[in-house]
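Taking it in order: structure first as structure tokens, then the write-up.
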Amino acid sequence: MTIHNKNNFSARLLAWFDQYGRHDLPWQQEINPYRVWVSEIMLQQTQVKTVIPYYQKFMSHFPTVKDLVNASQEQVLSHWAGLGYYARGRNLHKSAQIIVNEYGGEFPQNFDEIVALPGIGRSTAGAILSIALQQKYAILDGNVKRVLSRYYAIEGWPGEKVIENDLWLKASELTPPERFADYTQAIMDLGATLCTRSKPNCQACPQQPYCQAYQQDRVLDFPYKKPKKEKPIKQAWLLIQANENGDVFLKKRPQKGIWGGLWSLPEFESRTLCEQYAESQGSHADTLIEWDTFRHTFSHYHLDIHPVYLDMSGEFKKQVAELNAEYRLQAEPKAQIEHFGEWYSLEALMQSKVGLPAPVTKLITLLDKRKSDGLS
């Protein structure tokens, strides 16, 4: 029976990290709580290689928490578009406002204050405290769960509360009293580079001789997968409206729900509703051109998207302007924009000046290509 010594675990891991770990990631430079916080939020459910260009662009536009607060939510989400899980971007903006308004722009220094911020859980708070504020706290992100589940051959899905509590206990016990910031980065690196979900490189792992999953020849059995539940399939018809200038009509999504706060194409639950809408605007249903359907998958369901193209007349643009002007008399401009929508030039959309969901960006790119090719 293998005896697990927590000091030996951390010593082996740190020795490996010193020689093989990643030391040149963007958020490892000029370390401060804000930079670490942004990186940790972006890295939630997203791989490092995907995050790096987004992080660099985001930090170049919002280098400090005050810069983030001074930006509108729309500006923030335009830099998040394509990264997915947009609630992360909205929560980042909300938390920045709290930090400026309640803490004078200085990032809070203790666990309870940090974990109370929107979008920050126990593991993210631990990473910020450990890496940026030099306080000893454990983390338990997806990489760490995988490493510990294999090292201890933990039977059970980590999402179960009793299993998760056990993993937290082990994560806390293994975190060393010194060099805990390096240890935090090291254990994330181990999971991201060697102890990967598929094709783990056990031969290069410093913990291999002591890993119970490896000893049992069951590495790929851990961590246990979430019990399968068939994802439902939903349908959506997205209407691509273009006027004589080539502008595209977009509506702002509600703050809650998918693509919250982003600009999207008008959405309908059926082709019939899409046709009825077109006819209500003085167009004929037979002028609608349906493009190829494609599937976009969320964490809880699949969405089959049916793009429908409609070349709108200038008259429709005039009607929308008149409706917006009338609505301004009854509501705030922001509410007016969210309710009726706005026309955006294809050029602005192609330059990512507006926050769009990934499927809408895909359709805008296709529209631009079709126009260049002389197609509709």
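Model, not experiment: these values are computed from the prediction.
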Q. Can you name the residues that form a side-chain hydrogen bond (donor to acceptor under 3.5 Å, both in side chains) with Arg179, not counting sequence neighbours?
A. Asp18, Asp182
Q. Of all residues at least two apart in sequence or in a different chain, which pass the side-chain contact (heavy atoms from CB on, under 4.5 Å) check with Glu230?
A. none
Q) Excluding sequence neighbours, so at least two apart, what forms salt bridge (Lys or Arg N to Asp or Glu O under 4.0 Å) with Asp67? A) none
Q: Kindly write out the residues that satisfy salt bridge (Lys or Arg N to Asp or Glu O under 4.0 Å) with Glu290, not counting sequence neighbours, or none if the list is empty.
A: Arg271
Q: Under the side-chain contact (heavy atoms from CB on, under 4.5 Å) rule, collect the residues that match up with Tyr103, sequence neighbours excluded.
A: Ile98, Pro108, Glu113
Can you give each donor-acceptor pair under 3.5 Å made by side-chain atoms of residues 114-125, sequence neighbours left out, with the distance rounded to 0.1 Å?
{"unit_1": "Ser123", "atom_1": "OG", "unit_2": "Leu140", "atom_2": "N", "d": "2.8"}
{"unit_1": "Ser123", "atom_1": "OG", "unit_2": "Asp141", "atom_2": "N", "d": "3.4"}
{"unit_1": "Thr124", "atom_1": "OG1", "unit_2": "Gln44", "atom_2": "NE2", "d": "3.1"}

Q | Contacts of Lys161 that satisfy side-chain contact (heavy atoms from CB on, under 4.5 Å) - sequence neighbours left out | A | Glu164, Asn165
Q. With sequence neighbours left out, which residue pairs that include part of residues 154-188 fulfil the ring-ring contact (aromatic ring centres under 6.0 Å, His included) condition?
A. none
Q.
Run the side-chain contact (heavy atoms from CB on, under 4.5 Å) test against Leu25 and tell me which residues pass, sequence neighbours left out.
A. Arg22, Trp27, Gln28, Val48, Ile52, Gln185
Q: Return the set of residues passing side-chain hydrogen bond (donor to acceptor under 3.5 Å, both in side chains) with Ser95 (not counting sequence neighbours), or none when no residue passes.
A: none
Q. Salt bridge (Lys or Arg N to Asp or Glu O under 4.0 Å) with Glu106: which residues, sequence neighbours excluded?
A. none
**Q.** Residues that Lys369 engages under salt bridge (Lys or Arg N to Asp or Glu O under 4.0 Å), provided they are two or more places apart
**A.** Asp373
